[in-house]
Student: 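Got a structure for you, written out below as structure tokens; questions coming shortly.
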Amino acid sequence: MLQSKVNFFVSLFMLLFFYTHAQSHKEKGFFIDVNVNATHRIEGEQTASQFQRKITQTVTNGIQYGITGYYQTPFLKNTSLGLKYLLNKNHGEENTSLYIIDGQLEEGNLQNSSQLHYIGASAMSSFLFGDDKNEAFFEPSVGYFYYHQEIEIDTKQTLKGGNIGFSATFGYLRHIGSNFCIGLNLGYLNANLETYKLKNNNGERKIEASRNAALVLGSFHGGFLMRYKI
């Protein structure tokens with residue numbers, strides 16, 4: 001709870017800072033950002049169950065693909081409003097043991113793959129510096145994520161669920177021409193799953209965990225970014 005409050009106030013402070021200190025962008029219009037990032041998932045709470053920790057620890061690192069469409073409005077200084085989509089993909093394996101849904105213990109090579117889909121509304125604040133071809137930006141976002149994971153030793157189990165999430169991204173862009181930029185971005189996606197369904201061929205069970213025992217699916221990400229102005 002404390003971490004969520006800290007993240008919120010840091011995001012609000014940075015947004016206000018960019019808004020009040022940025023140079024004015026004279027142009028308005030639409031543009032698209034496309035990014036490819038490496039991700040590192042945050043470990044779950046120690047109060048989570050052994051099952052929850054095991055199925056998240058084997059898919060710690062992954063890749064993220066993202067696309068965001070923005071409109072640079074003339075009504076809000078240096079601020080662009082957008083719609084963001086992110087896809088996080090992870091895969092891992094481990095020689096271990098795991099209890100399946102009906103209580104039976106299986107041992108062997110655990111195959112574990114997951115996908116997290118996030119869509120949210122974003123507000124990006126940016127400023128130009130140097131020769132006005134360098135741009136720094138900060139972009140908070142809030143939206144909804146859907147999570148799907150397949151876990152298998154001998155029996156395939158599927159875990160799925162969704163919840164509200166948010167992201168925050170810092171970035172740098174170098175303007176190559178009037179319509180094209182390339183750069184780097186670094187950010188964080190917050191996603192906690194308290195209610196989800198776990199099923200296999202023998203049945204399905206709904207899991208309702210406390211906030212302290214939720215599946216922690218948040219991750220840091222960093223990588224390359226391209227922008228094209230329409």
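These numbers come from the heavy atoms of this one structure, side chains and all, not from hydrogens, waters or symmetry mates.
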Student: Pair Lys206, Glu208 - check salt bridge (charged side-chain N to carboxylate O under 4.0 Å, His left out), show working.
Tutor: CA-CA 7 Å; Lys206 184 177 181 179; Glu208 294 184 354; 3.6 Å; yes

Student: Just verifying a value: how many Å separate His221 NE2 and Leu189 CG, rounded to the nearest 0.5 Å?
Tutor: 7.0 Å

Student: Using a distance-only test with no angle check, is there a side-chain donor-acceptor pair under 3.5 angstrom linking Thr158 and Glu150?
Tutor: no

Student: Which value, rounded to the nearest 0.5 Å, describes the distance between Arg205 atom CZ and Gln157 atom CD?
Tutor: 8.5 Å

Student: Any side-chain to backbone donor/acceptor pair from Thr39 onto Gly62? Under 3.5 Å, distance only.
Tutor: yes

Student: Could you measure the distance from the NE2 atom of His91 to the OG atom of Ser113? Nearest 0.5 Å is fine.
Tutor: 6.5 Å

Student: State, to 0.1 Å, how close Gly183 and Leu173 come at their nearest heavy-atom pair, and which atoms those are.
Tutor: N-CD2, 3.9 Å

Student: Can you check whether Ala121's main-chain N or O pairs, donor with acceptor, with Ser141's side chain at less than 3.5 Å?
Tutor: yes

Student: Side chain of Asn192, backbone of Val216: donor and acceptor closer than 3.5 Å?
Tutor: no

Student: Less than 6.0 angstrom from the centroid, inside 45 degrees of the normal: does Arg227 satisfy that with respect to the ring of Phe137?
Tutor: yes

Student: Please test Lys229 against Asp33 for salt bridge (charged side-chain N to carboxylate O under 4.0 Å, His left out), starting from the C-alpha separation and ending with a verdict.
Tutor: CA-CA 9 Å; Lys229 184 175 181 180; Asp33 281 6; over 6 Å; no

Student: Other residues, nucleotides and ligands only: do more than 12 of their heavy atoms fall within 6.0 Å of OH on Tyr85?
Tutor: yes

Student: Sequence neighbours excluded, which residues qualify as side-chain contact (heavy atoms from CB on, under 4.5 Å) partners of Ile153?
Tutor: Leu98, Glu106, Leu110

Student: Grouping I, L, V, M, F, W and Y whenever their side-chain heavy atoms are under 4.5 Å apart, do Tyr147 and Ile207 come out in a common cluster?
Tutor: yes

Student: If you apply the rule side chain to side chain donor-acceptor pair (under 3.5 Å), what do you find for Glu194 with Asn163, and how did you get there?
Tutor: CA-CA 8 Å; Glu194 298 174 16; Asn163 201 1; 5.0 Å; no

Student: Which residue in the set Thr68, Ile119, Ile67 passes side chain to side chain contact (heavy atoms under 4.5 Å, CB included) when paired with Leu83?
Tutor: Ile119

Student: Which pair of heavy atoms, one from Ala123 and one from Thr79, lies closest together, and at what distance?
Tutor: CB-CG2, 4.4 Å

Student: Going by atom types only, do Tyr144 and His117 share a side-chain donor-acceptor pair under 3.5 Å?
Tutor: no

Student: Might you point out which heavy atoms bring Asn88 and Asn90 nearest each other, and give the distance in Å?
Tutor: C-OD1, 4.1 Å

Student: Does the pair Phe224 and Asn35 meet the rule for a side chain to side chain contact (heavy atoms under 4.5 Å, CB included), with working shown?
Tutor: CA-CA 6 Å; Phe224 297 100; Asn35 60 274; over 6 Å; no

Student: Does Asn78 form a side chain to side chain contact (heavy atoms under 4.5 Å, CB included) with Phe127? I'd like the steps, not just the answer.
Tutor: CA-CA 7 Å; Asn78 308 312; Phe127 71 93; over 6 Å; no

Student: Is Phe180 isolated, or which residues cluster with it under the ILVMFWY side-chain rule of less than 4.5 Å, directly or via members?
Tutor: Ile176, Ile182, Met226

Student: Mind checking the CE-CD spacing from Met124 to Glu135? Nearest 0.5 Å is all I need.
Tutor: 6.0 Å

Student: Would you say the side chain of Leu215 lies within less than 4.5 Å of the side chain of Tyr196, judging by non-hydrogen atoms?
Tutor: yes

Student: With no hydrogens and no angle check, is any side-chain donor or acceptor of His148 less than 3.5 Å from a backbone partner on Leu116?
Tutor: no

Student: Can a side-chain donor-acceptor contact be found between Asn134 and Tyr172 if the only test is distance below 3.5 angstrom?
Tutor: yes

Student: Could you verify whether a donor N or O on one side chain and an acceptor N or O on the other, from Asn185 and Asn37, lie under 3.5 Å apart?
Tutor: yes

Student: Which atom pair, heavy atoms only, marks the closest approach of Phe138 to Pro140?
Tutor: CE2-CD, 3.7 Å

Student: Do you know which two heavy atoms are closest between Ser219 and Arg41, and how far apart they sit?
Tutor: CB-CA, 3.8 Å

Student: Please tell me whether Phe30 and Val34 are part of a single hydrophobic cluster in this structure, the criterion being side-chain heavy atoms less than 4.5 Å apart.
Tutor: yes

Student: Anything under 30° is parallel, anything over 60° is perpendicular, the rest tilted; go ahead and classify Phe31 against Tyr70.
Tutor: parallel

Student: Between atom CD of Glu93 and atom CD of Gln111, what is the distance when rounded to the nearest 0.5 Å?
Tutor: 4.5 Å

Student: Can you tell me how far OH of Tyr118 sits from CD of Gln64, rounded to the nearest 0.5 angstrom?
Tutor: 10.5 Å

Student: Which heavy atom in Ile164 sits nearest to a heavy atom in Phe145, and how many Å separate them?
Tutor: O-CE2, 3.7 Å

Student: Between Leu159 and Ile151, is the side chain to side chain contact (heavy atoms under 4.5 Å, CB included) condition met? List the steps.
Tutor: CA-CA 8 Å; Leu159 184 154; Ile151 315 111; 4.2 Å; yes

